[in-house]
Structures are given as C-alpha cells and as structure tokens.
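Everything numeric here is computed off the predicted structure, so don't read it as measured data.
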Amino acid sequence: MKISKTKHFVYVTLLAAMAIAINLLETMLTVSLPFGMRLGLANIIALITIEILGVKEMIVVNTMRVVIGNLLRGTIFGSTFWISAGGVILCSIVLIIIKKGLKMSMISTSMLCAIGHSVGQVVIVMVLYKTAAMMTIVPLLLVTSIPTGIFTGIVATQALKRIDKNLIVR
C-alpha cells in the first residue's frame, strides 16, 4: 500500500521540524564546548529519515535543517551557514554511499557520518579563511566524532525499533 503525497509530505515536514528543533536546542546547549564542538544530535533524524523514507527525503530534511536553522539563528549565508552546510553535505554523501552500497550497522554508519561532518566543516573553514592550519584540529575532531557517532547511532537504532514502519510506506 502506498501512502498519499500529502501524508508523505507531512512525514518529511515533521522530520525536518524535529531536526531543526534539535539543531537549535543543541546550539543553545553547547556554547561552552571548545572549537564549537557539538554532539550532532540532529543527525539522528537524518539516520531515521534515510532508513524509513529514503535518500531524497534525507537530503530535503538535512537541507531544511541547515537553511531554516541558520535563518532562525540569524546566520544565514554567513560563515556559520557555510561551515554547517559543508559538514551536512559531506555527512549526507557518506550516508548515501553507505546506504546504497555497503551493509553496515547503524552505529558504524553514524560514526562515519560524524567523521564526514567534521571533515566537511574543516574543509570549508580552510577554504573560507584560506588557511591549512585547521588541519591541526582534525585529530581532535576525529576523536570526538567517534563517541558522538556511537551515541547518535544507538539513539537512532532505538528510535527505529519504536517506529511502526507499517504506517510509513514509501
């Protein structure tokens, strides 16, 4: 049974709203962490979205998260926006590659996505500020990406267990 376009749109919109809300909440809570590090909790929604709805929908949710989240924070098209976009783009590419071609656990997938997100952000900072010095922070970001990726992978796995996939048909 296929769901209506309206119901599908509602699911995508709700997931995007959750990702935006989590992103904004996380921004308020992680102000004191060094180098602007965050847990990446909004990536939980990306992992859930690609699993239950698919690649196109995950791209829509991630795009809305970055654009609307930055718009609400007043940082649209500033350096914060581009850094966030770079991280989300590389994270999304990693997620798509894994989803399309590799069989990996949600936790492993989440760790690789967290690493991709961090690397994507560093690349954008290097381009924006024309400095390779940012490469020195990559080891620290990789060390923090692994536990945060494990955490978000566990949460996404637990959330997916609780979603009745019979209600959501592509």
By side chain to side chain contact (heavy atoms under 4.5 Å, CB included), T136 pairs with (sequence neighbours left out) none

Sorted by chain and number, sequence neighbours left out, side chain to side chain contact (heavy atoms under 4.5 Å, CB included) with K100 holds for V55, I96

Closest non-hydrogen atom pair between [X] and [Y], with its separation:
X    : Y    : answer
G40  : E26  : N-OE2, 2.6 Å
L24  : G69  : CD2-O, 3.7 Å
Q121 : G87  : CG-CA, 3.8 Å
L90  : G120 : CD2-N, 3.5 Å
S118 : S145 : OG-OG, 2.9 Å
S110 : G153 : OG-N, 3.2 Å

Review point. With the 4.5 Å side-chain cut-off for hydrophobic clustering, are V88 and I76 part of the same group?
Key: yes

- Message: If we ignore hydrogens and angles and just use 3.5 Å, is the side chain of T75 paired with the main-chain N or O of G78 as donor and acceptor?
- Response: no

Side-chain donor/acceptor pairs under 3.5 Å, residues 12-23, sequence neighbours excluded:
| from | atom 1 | to | atom 2 | distance (Å) |
| --- | --- | --- | --- | --- |
| T13 | OG1 | F9 | O | 2.7 |
| N23 | OD1 | R73 | NH1 | 2.7 |

By ring-ring contact (aromatic ring centres under 6.0 Å, His included), which residues pair with F81, not counting sequence neighbours?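 Result, ring-ring contact (aromatic ring centres under 6.0 Å, His included) vs F81: F77.
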
*asked:* For a side-chain contact (heavy atoms from CB on, under 4.5 Å) check, start with the C-alpha distance between E57 and I50, then their side-chain angles and the critical distance, and finish with the verdict.
replied: CA-CA 7 Å; E57 292 80 359; I50 199 167; over 6 Å; no

Distance from [X] atom [atom1] to [Y] atom [atom2], nearest 0.5 Å?
X    : Y    : atom1 : atom2 : value
N70  : S84  : CG    : OG    : 5.0 Å
N43  : I48  : CG    : CD1   : 11.0 Å
M111 : L142 : CE    : CG    : 11.5 Å
M58  : K99  : CE    : NZ    : 10.0 Å
L39  : T152 : CG    : OG1   : 9.0 Å
I44  : M106 : CD1   : CE    : 11.0 Å

**OP:** Show the numbers, then the answer: is there a side-chain contact (heavy atoms from CB on, under 4.5 Å) between I146 and I150?
**Re:** CA-CA 6 Å; I146 293 170; I150 290 170; 4.0 Å; yes

Report task. Tell me, with the steps shown, if L41 and F151 meet side-chain contact (heavy atoms from CB on, under 4.5 Å). Result -> CA-CA 9 Å; L41 298 176; F151 176 74; 3.5 Å; yes

Note to self: Which residues end up grouped with V94 if you chain together Ile, Leu, Val, Met, Phe, Trp and Tyr wherever their side-chain heavy atoms are less than 4.5 Å apart?
What the structure shows: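 Besides V94, the cluster holds I98, L102, M104, L112.
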
- Which residues, ordered by chain and number, are linked to I97 in its hydrophobic cluster, where ILVMFWY side chains connect at heavy-atom gaps below 4.5 Å, directly or through other members?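 So far as hydrophobic clustering goes, I97 is joined with I89, I93.
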
